[in-house]
Amino acid sequence: MKKSKKISLSADYLTTLSRADLTTYHYKILMLLAVHEMTQTQIADFLQTQKQNVNKYVSDLMKLNLLEVARIEGKNKFLKATNTFEQTINKDQMKLTEE
């Protein structure tokens with residue numbers, strides 16, 4: 001893991017985040033990646049869960065533009081949380097579960 005960094009999140013970002021239909025693991029991953037750049041395998045190990053579960057949560061967060069690839073080293077993609085929110089998300093995009 002890389003050294004921790006201080007981040008600042010805008011009010012718009014936090015408002016949008018609070019309205020998104022996220023689970024506990026979505027929030028855990030988002031907060032973890034707000035501080036550290038990590039691969040999905042590192043996240044799974046840290047949270048003691050299966051990598052395929054992490055893949056699902058990461059995919060959901062990337063669809064909402066809340067995560068991005070920070071860098072690629074070989075086959076490893078290091079992810080990080082975005083700290084700005086430049087795209088408006090409508091209500092349908094915030095829902096991650098099928099109804």
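Owing to the predicted nature of the structure, the values given are computational and were not obtained by experimental measurement.
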Q: Does some side-chain heavy atom of Thr82 sit less than 4.5 Å from a side-chain heavy atom of Asn65?
A: no

Q: Quick one: are Leu61 and Leu22 in side-chain contact, heavy atoms under 4.5 Å?
A: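 Yes, close enough: below the 4.5 Å cut-off.
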
Q: For Gln48, what residues pass the side-chain contact (heavy atoms from CB on, under 4.5 Å) criterion, not counting sequence neighbours?
A: none

Q: Looking at Ala44 and Gln50, what are the two nearest heavy atoms and their distance?
A: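 Taking every non-hydrogen atom into account, CB-C, 4.1 Å.
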
Q: Once you round to the nearest 0.5 Å, how far does CD1 of Ile43 lie from NE2 of His36?
A: 11.0 Å

Q: Which heavy atom in Leu79 sits nearest to a heavy atom in Met62, and how many Å separate them?
A: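 That would be CD2-SD, 4.4 Å.
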
Q: Kindly write out the residues that satisfy side-chain contact (heavy atoms from CB on, under 4.5 Å) with Tyr25, not counting sequence neighbours, or none if the list is empty.
A: Thr23, Lys28, Leu47, Thr49, Tyr57

Q: What is the distance from atom CD of Gln52 to atom CD of Gln40, rounded to the nearest 0.5 Å?
A: 10.5 Å

Q: Quick one: closest heavy-atom pair of Glu37 and Phe78, and the distance?
A: O-CD2, 3.9 Å

Q: Consider side chain to side chain contact (heavy atoms under 4.5 Å, CB included). Of Thr41, Ile29, Val54, Leu32, which one does Phe46 pass it with?
A: Leu32

